[in-house]
Amino acid sequence: MSNLLVMKFGGTSVGSAERMRAAAQLIRDAHQQRDVLVVVSAMSRVTDLLLDTMKHAEADDRSVVEQNISQIRQRHVQTARELLPAAEEKLIEGEIDSLIREFERIVNGMLMLGDRPARSVDEAVAIGERLSSVLLAAHLNTIGTHATACNGAEMIVTDAVFGNASPVMEHTTKRAHAIVDSLLAAHTIPVVTGFNGATLDGRPTTLGRGGSDFSASILAAALGAAELWIWTDVDGIMTADPRLVPDAKVLPEVSFREAAELAYNGAKVLHPRTLAPLVDQEIPVWSKNSFAPQKPGTRIVGRLTTSEGARAVTSMSNVALISLETSSAVVSGVQVMARALDAVSRTNIEVLAISGSSYRQSFCFLVRSGELQTTLDALEAALALEIAHGYVNPIEVDEDVGLLAVVGEGMRGTPGLAGRVFTAISREKVNIIAIAQGSSELTIAIVVRRRGLEKAVRAVHAECHL
Ligand code: ADP
Ligand code: ASP
Ligand code: MG
């Protein structure tokens, strides 16, 4: 068993020279005890700015493009100046400039084409992580901890789903070992870019927004790490988003399944797919606050010793509810549902919750707002004939909705909990539109009117004594 520790730092945890210093201190302390591999996000807000630049390039809005690029450059150069001794700083400024030029080259292509091809977006957006990894590695070296910036695209092999790729573990394991083993043997810390990968034939990909958590877990699994620590800007995984529920509390321990359900249902603290690579080897994960490292954080483990009732409530606001109903006994509702879901899954769109009525031969499901149009196109193509004949009613869409989910392993066998949750929401006069509970009873998902979402989250949090 290796003693490798993978430490992932999110955008706010490397968001300034001061935060990079704090991160480096944590890395150095850990490295005195064991092997360490670091995964970094782009500095906070940089990914948004890179994406915004490309949007404006497509729209031929040169002045915004130039302003943004100069802002991105300035932010990193300024950080380098505050972080590094003069001689080192000059060197790193050169590296920053060469990465900025790489970004400019791709963006110029977009300006010329008036288009933003998905694979170019993935190549360009990863430059945020490449910039932060260069800065953090340089700083580690100046404090005497040997480190090398590494591009995650050279280690993480993925499928070709640009913008939301999945790892191919067999190849990733080989490539990660080929690069990392010799660095670790030389007591050098790899500072790897989060968020990005590449297909086997070298086309750049990314793992979805917030994907650096996923990069870290992919590498932890590939390298058989002993532990993964995810450093963020809150004290761990909490009973609710603290921005929404001020009295949310930190959970000392959650199971892989609970954490995954929370993440899938909107708890931004973890990328939804983070835990999947770790389950087989049961690699323990900690979610910790880089602003308060002395606090214990949350431990995510394979099995909990005890878990009672609901543990946390989470929500998602940018979602849309799609309803399908057959209008004639000629077609079976179950078949329509099967065909519809098959069509949606082929577009790689994630269905967030499903609920149905067998008597009315109707069902509805939830998708992210950004994926609504693609979903509708896929459904209309798959059911064109039935819709044209009137066997299936026109597809209905409700965008004025939000998703609330209550999660806990111990909800199973807690009678009356669902009733209390519904009553708490109704008491706030928030309309419940659809309900879904899987047979595992790990999560109750509730679709409510959008404007009542935050109120409902607070009411459920209070009702469940979280
Ligand atoms: P990072 O940049 O470190 O990856 P993120 O912004 O992606 O950090 O995730 C951390 C944020 O997740 C917190 O600031 C918090 O507002 C939000 N969050 C949402 N739900 C939860 C929850 N249940 N527990 C903790 N944080 C949550
Ligand atoms: N920088 C990427 C994002 O903002 C990945 C991450 O931070 O995890 O989505
Ligand atoms: Mg994140």
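Quick caveat: nothing in here was measured; it's all calculated off a predicted structure. Order of appearance sets the numbers: ligands from 1, and atoms from 1 within every ligand. Residue numbers start at 1 and run along the sequence shown.
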Contact check, G210 vs ligand 2, heavy-atom distance below 4.0 Å: yes
Min heavy-atom dist G194 to ligand 2 below 4.0 Å: no
Tell me which protein heavy atom sits closest to [atom], plus the residue, atom name and distance to 0.1 Å.
| atom | answer |
| --- | --- |
| atom 6 (O) of ligand 1 | K268 NZ, 2.9 Å |
| atom 16 (O) of ligand 1 | R243 NE, 2.8 Å |
| atom 6 (C) of ligand 2 | S212 OG, 3.3 Å |
| atom 13 (C) of ligand 1 | D233 OD1, 3.5 Å |
| atom 12 (O) of ligand 1 | V269 N, 3.4 Å |
| atom 3 (O) of ligand 1 | T232 OG1, 2.7 Å |

Establish, from distance only, whether the side-chain atoms of [X] and [Y] form a donor-acceptor pair under 3.5 Å.
| X | Y | result |
| --- | --- | --- |
| E82 | Q78 | yes |
| S166 | R273 | yes |
| T205 | D122 | no |
| D52 | N68 | yes |
| E409 | S255 | yes |

Side chain, backbone, both or neither: which applies to [X] and ligand 1 if a contact is any heavy-atom pair less than 4.0 Å apart?
| X | answer |
| --- | --- |
| K8 | side chain |
| V234 | side chain |
| M238 | both |
| S44 | neither |

Side chain, backbone, both or neither: the part of E129 lying under 4.0 Å from ligand 2 by heavy atom: side chain
E18 CD: over 12 foreign heavy atoms closer than 6.0 Å: no
Flag if over 12 foreign heavy atoms under 6.0 Å of CZ, R451: no
Polar proximity ligand 2 side, G208 side, N/O cut 3.5 Å exclusive: no
Distance-only N or O hit between ligand 2 and R209, under 3.5 Å: yes
Geometric N/O contact [X] with ligand 1, under 3.5 angstrom:
| X | result |
| --- | --- |
| S13 | no |
| D241 | yes |
| D213 | no |

Test: R19 cationic atom under 6.0 Å from F291 six-membered ring centre, within 45° of axis: yes
Atom indices of ligand 2, in the order listed, that fall short of 4.0 Å to a heavy atom of S41: 6 (C), 7 (O), 8 (O)
Ligand-residue contact atoms, ligand 1 with G236, heavy atoms, under 4.0 Å: 24 (N), 25 (C)
Subset of ligand 1 atoms that lie under 4.0 Å from at least one heavy atom of G11: 2 (O)
Contact summary for A24 and I143, nearest pair of heavy atoms: CB-CD1, 4.0 Å
Interatomic distance, E154 atom CD to R175 atom CZ [nearest 0.5 angstrom]: 9.0 Å
Hey, are the side chains of [X] and [Y] touching, using non-hydrogen atoms and a 4.5 Å cut-off?
| X | Y | answer |
| --- | --- | --- |
| R73 | D97 | yes |
| F103 | M54 | yes |
| E463 | V421 | no |

Within-shell test, A240 vs ligand 1, heavy atom, strictly < 4.0 Å: yes
